[in-house]
Protein chains: 4
Amino acid sequence: MQSRSSAPRTGRTGRPRSAEADEAILAATRAALVELGWSGLTLGDVATRAGVAKTTLYRRWAGKNELVVDAVAVLFDELELPDRGSLAADVEGVVLQFAGLLERPETKTALMAVVAESTSDAVLRDRIRSSIVDRQKRLVTEGRARAQARGELPTESDPETAARGSDLIFDVIAGAVVHRCLVSSKPVDTDWARDFTRLLLSGLTAISPA
Amino acid sequence: MQSRSSAPRTGRTGRPRSAEADEAILAATRAALVELGWSGLTLGDVATRAGVAKTTLYRRWAGKNELVVDAVAVLFDELELPDRGSLAADVEGVVLQFAGLLERPETKTALMAVVAESTSDAVLRDRIRSSIVDRQKRLVTEGRARAQARGELPTESDPETAARGSDLIFDVIAGAVVHRCLVSSKPVDTDWARDFTRLLLSGLTAISPA
Amino acid sequence: MQSRSSAPRTGRTGRPRSAEADEAILAATRAALVELGWSGLTLGDVATRAGVAKTTLYRRWAGKNELVVDAVAVLFDELELPDRGSLAADVEGVVLQFAGLLERPETKTALMAVVAESTSDAVLRDRIRSSIVDRQKRLVTEGRARAQARGELPTESDPETAARGSDLIFDVIAGAVVHRCLVSSKPVDTDWARDFTRLLLSGLTAISPA
Amino acid sequence: MQSRSSAPRTGRTGRPRSAEADEAILAATRAALVELGWSGLTLGDVATRAGVAKTTLYRRWAGKNELVVDAVAVLFDELELPDRGSLAADVEGVVLQFAGLLERPETKTALMAVVAESTSDAVLRDRIRSSIVDRQKRLVTEGRARAQARGELPTESDPETAARGSDLIFDVIAGAVVHRCLVSSKPVDTDWARDFTRLLLSGLTAISPA
DNA sequence: AAGTAAACGAGACGGTACGTCATGTCTTACT
DNA sequence: AGTAAGACATGACGTACCGTCTCGTTTACTT
């Protein structure tokens with residue numbers, strides 16, 4: 001599955017595009033994001049860092065938004081869901097992993113910015129969804145299946161209902177972590193992860209007495 | 001309570017600042033956000049729309065970020081929490097209200113953008129928190145107190161634990177709605193609000209059988 | 001008489017244009033022409049040399065052509081026609097003076113270039129004519145009047161015929177010197193000036209026997 | 001007669017150069033000059049028009065200047081000097097012919113431009129001289145010889161003096177026509193040609209009374 | 001009523017980045 | 001080896017905004 005820019009190859013003649021350039025540009029983009037943040041990042045600077053001409057960059061990506069999406073998308077693929085033996089432990093694990101990813105300056109500054117831009121750019125919105133968001137739903141479906149196998153969660157027969165449930169769980173987990181990190185700007189530590197997990201599993205009515 | 005820019009008034013002599021200009025600028029900012037989005041918004045354009053000189057604008061706000069925070073902050077104060085008789089109904093109500101706010105183009109494009117900028121700007125972060133975020137926590141504390149009065153939720157004696165709980169609930173509700181709206185870009189309708197409320201109140205283990 | 005750029009002043013409000021900037025830019029343009037020649041001259045470089053922003057330059061001139069015309073026009077005003085006592089001496093004098101001007105690298109490289117561009121740009125053509133060419137016709141009319149006063153040339157009663165004659169003489173003198181200098185690229189020395197003057201005054205049929 | 005670029009043929013192996021490509025490129029260059037003028041002409045566009053790769057073009061010419069010199073040089077070879085029976089008629093004829101050539105957009109825009117470039121490029125200067133200028137001196141020497149045979153002009157015994165005279169006449173005729181056409185931008189019609197010829201043959205002192 | 005001090009509109013200023021274009025070189029596969 | 005196609009590094013282009021500045025003007029509070 002490829003998230004390459006506009007058109008990978010049209011014809012077969014002519015000098016082929018440099019494969020090294022692609023990775024150099026994405027790495028330079030991440031480095032620039034760390035140093036300069038989203039609004040300080042310029043495509044000219046990225047090109048210089050990558051040892052590449054600005055034209056090469058514009059030949060592959062339409063602009064800053066698209067480039068950054070591709071540059072950070074790969075980081076999200078690092079997320080894993082090791083089996084920790086229980087649903088609660090799995091949720092805590094993924095929450096902490098996701099928070100760790102959001103603490104990295106390149107993701108923290110880039111993610112909200114591209115989401116903001118995507119509110120007025122449908123193409124970008126699709127790109128974000130296909131390159132970043134949808135790919136991480138695997139964590140939810142996998143964790144849920146595991147919990148069902150353990151008997152911690154009931155099996156859902158209707159596939160559509162199952163999908164709606166997964167979407168909801170995904171929005172709640174990802175949304176809560178993002179909001180805690182970036183909006184409330186408070187740390188996602190083990191205490192918070194435990195509190196959150198308890199709320200998620202047992203609901204509001206059960207949190208206080210515990 | 002005012003979130004005026006740098007210094008409202010230092011001396012007492014000289015021509016006083018125009019009060020109309022302030023509101024004209026904020027209204028122009030919101031209008032420009034709707035038409036152009038965050039990245040298309042320029043301060044020169046805002047000044048023109050407001051019928052004001054650029055200098056007047058810079059005399060009051062330090063830059064685009066600060067201006068937009070002030071311009072959208074007031075919109076969040078519209079949120080209310082009418083008593084609907086039960087905790088579930090109150091949660092559903094606030095979720096739908098919040099979602100309605102996020103559907104408006106000026107908030108949707110502005111909120112994520114300033115949050116993104118705030119990741120590398122502590123002053124802006126504080127401004128967002130004091131002008132927008134913290135002021136809406138009243139909805140959580142109010143709703144919670146009401147539920148406790150109804151006996152739907154246990155009373156929390158330790159005030160620190162109570163605050164931690166409110167923060168968590170706030171991050172979960174606001175985060176889930178924002179994520180659903182802006183990242184997953186799917187509608188927050190009554191169905192979703194009901195599903196989310198059930199999850200929030202009863203927890204994961206209880207959602208499917210219902 | 002001013003050959004200022006587009007619009008000298010439209011309104012009376014706002015910060016007035018820097019008068020120093022104008023002269024600094026024209027001087028920088030001449031210096032850059034000497035060092036780099038026409039095709040090597042860039043507006044960015046001129047701006048840097050003049051200690052001025054590129055925008056300031058574009059605010060005053062529409063492009064390279066217009067700027068260079070203004071920059072070299074003033075040099076042509078240095079030409080004078082001191083009375084040397086006879087028509088032949090006056091012609092020789094002005095030929096050598098004009099040749100001296102054309103030897104300067106800033107004029108030599110600029111003049112032909114802007115003339116070349118003017119072949120496909122009517123506005124530029126008029127600008128060249130009014131800023132440079134027509135202003136030097138004074139040399140011809142003055143020299144001719146002086147010769148008529150001396151009795152070396154017959155007086156022309158019809159003003160239109162007189163104008164046609166002056167135009168012709170101007171084209172022949174200026175054209176010959178320019179062609180000798182820039183196309184044939186041979187020196188315009190006193191020998192050549194004497195030969196040319198004899199041809200101009202007495203015609204082809206008389207040159208060889210002398 | 002060869003105005004080929006770098007080297008016609010060095011080795012004998014490999015695929016031979018396409019002979020058609022050469023003429024296609026020169027024709028495309030002339031067409032592009034007409035449409036776009038000197039500064040609008042690009043080598044990439046010429047290559048496209050000629051149905052040729054840019055590489056092919058660069059293999060044969062060093063750059064825009066050289067290419068254009070070759071493209072327009074051939075046009076100047078069209079000039080002829082039919083015997084019209086008298087020196088005055090011959091001069092008038094060649095003046096009108098030359099003016100007709102200079103009215104063509106490809107020559108008008110190209111000639112001055114390459115001359116301008118040649119002021120800072122000695123190699124180009126030589127190329128222009130050998131490809132264009134010197135080849136047209138034949139018109140002067142031929143016309144002069146014809147006039148001498150008719151007895152209209154005295155015979156010049158010293159060959160060096162004769163050459164100096166021809167150079168001078170050439171500069172005066174060519175210079176005057178070029179200046180009239182391109183600098184004064186007024187038409188070279190039969191009236192002007194007659195006036196100019198009378199001045200050239202009889203000199204200043206004789207023009208008015210006629 | 002006159003004086004004073006700051007805010008006001010207008011717009012020029014030095015900068016920086018933009019996204020495009022042309023140059024001249026190169027790499028590939030084909031002839 | 002010559003070719004068409006097209007990617008490449010380089011660097012100028014002309015534009016748009018930035019945030020600051022310099023004007024001349026307006027508007028309130030002082031004396």
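What you see below is based on every heavy atom in this structure, not just the backbone, and it leaves out hydrogens, waters and symmetry mates. Letters go in sequence order (proteins before strands), and every chain restarts at 1.
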Asks: Round to the nearest Å and state the distance from B:E20 atom CD to E:dA7 atom P.
Replies: 17 Å

Asks: Send over the distance from D:Y58 OH to E:dT27 P, rounded to a whole Å.
Replies: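 It is 17 Å, rounded to the nearest whole Å.
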
Asks: With a 4.5 Å cut-off on side-chain heavy atoms, are A:V69 and A:E66 touching?
Replies: no

Asks: Any side-chain to backbone donor/acceptor pair from C:R30 onto C:A71? Under 3.5 Å, distance only.
Replies: yes

Asks: Contact list please: residues 105-120 of chain B against DNA chain F, heavy atoms, distance less than 4.0 Å, in numerical order.
Replies: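 When residues 105-120 of chain B is checked for heavy atoms under 4.0 Å from DNA chain F, there are no hits whatsoever.
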
Asks: Between P on E:dA22 and CG on D:L36, what's the gap in Å once rounded to a whole number?
Replies: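 Computing the D:L36:CG to E:dA22:P distance gives 10 Å.
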
Asks: When the distance from CG of B:D45 to C1' of F:dG19 is rounded to whole Å, what number comes out?
Replies: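 Checked: the CG to C1' distance equals 17 Å.
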
Asks: Are B:T109 and A:S120 linked by a side-chain donor-acceptor pair shorter than 3.5 Å?
Replies: no

Asks: Between the protein and nucleotides 13-17 of chain E, are there any N/O to N/O pairs under 3.5 Å, and if so, what are the atom names and distances?
Replies:
unit_1: E:dC13; atom_1: OP1; unit_2: C:S18; atom_2: N; d: 3.0
unit_1: E:dC13; atom_1: OP1; unit_2: C:R60; atom_2: NH1; d: 2.9
unit_1: E:dC13; atom_1: OP1; unit_2: C:R60; atom_2: NH2; d: 3.1
unit_1: E:dC13; atom_1: OP2; unit_2: C:R59; atom_2: NH1; d: 2.7
unit_1: E:dC13; atom_1: OP2; unit_2: C:R60; atom_2: NH1; d: 2.8
unit_1: E:dG14; atom_1: OP2; unit_2: C:A53; atom_2: N; d: 3.2
unit_1: E:dG14; atom_1: OP2; unit_2: C:T56; atom_2: OG1; d: 2.5
unit_1: E:dG15; atom_1: O6; unit_2: C:T55; atom_2: OG1; d: 3.4

Asks: Decide yes or no for A:W61 and A:I25: does some side-chain heavy atom of the first lie under 4.5 Å from some side-chain heavy atom of the second?
Replies: yes

Asks: What is the separation between atom CG on D:N65 and atom P on E:dG24, rounded to the nearest whole Å?
Replies: 9 Å

Asks: Please determine whether salt bridge (Lys or Arg N to Asp or Glu O under 4.0 Å) holds for the pair A:E35 and A:R49, giving the CA-CA distance in whole Å, both sets of side-chain angles, and the decisive distance to 0.1 Å.
Replies: CA-CA 12 Å; A:E35 284 181 37; A:R49 285 168 187 257; 3.0 Å; yes

Asks: Which whole-number value in Å describes the distance from B:D22 CG to E:dA7 C1'?
Replies: 13 Å

Asks: Over how many whole Å does the gap from A:L57 atom CG to E:dC18 atom C1' extend?
Replies: 13 Å

Asks: Is there a donor-acceptor pair closer than 3.5 Å between any side-chain N or O of D:S131 and the backbone N or O of D:I128?
Replies: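 Looks like no, no N/O pair under 3.5 Å.
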
Asks: How close or far is atom P of E:dG24 from atom CH2 of D:W61, stated in whole angstroms?
Replies: 15 Å

Asks: Quick one: does any side-chain atom of D:S130 pair with a main-chain N or O of D:D126 as donor and acceptor, under 3.5 Å?
Replies: yes

Asks: Determine whether A:D70 and A:R127 satisfy the following criterion, salt bridge (Lys or Arg N to Asp or Glu O under 4.0 Å), listing intermediate values before the conclusion.
Replies: CA-CA 9 Å; A:D70 279 10; A:R127 193 185 189 89; 3.2 Å; yes

Asks: Would you mind checking if B:R125 and B:E117 are paired as a salt bridge, meaning a charged N to carboxylate O distance below 4.0 Å?
Replies: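 Salt bridge between B:E117 and B:R125, a charged N being under 4.0 Å from a carboxylate O: no.
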
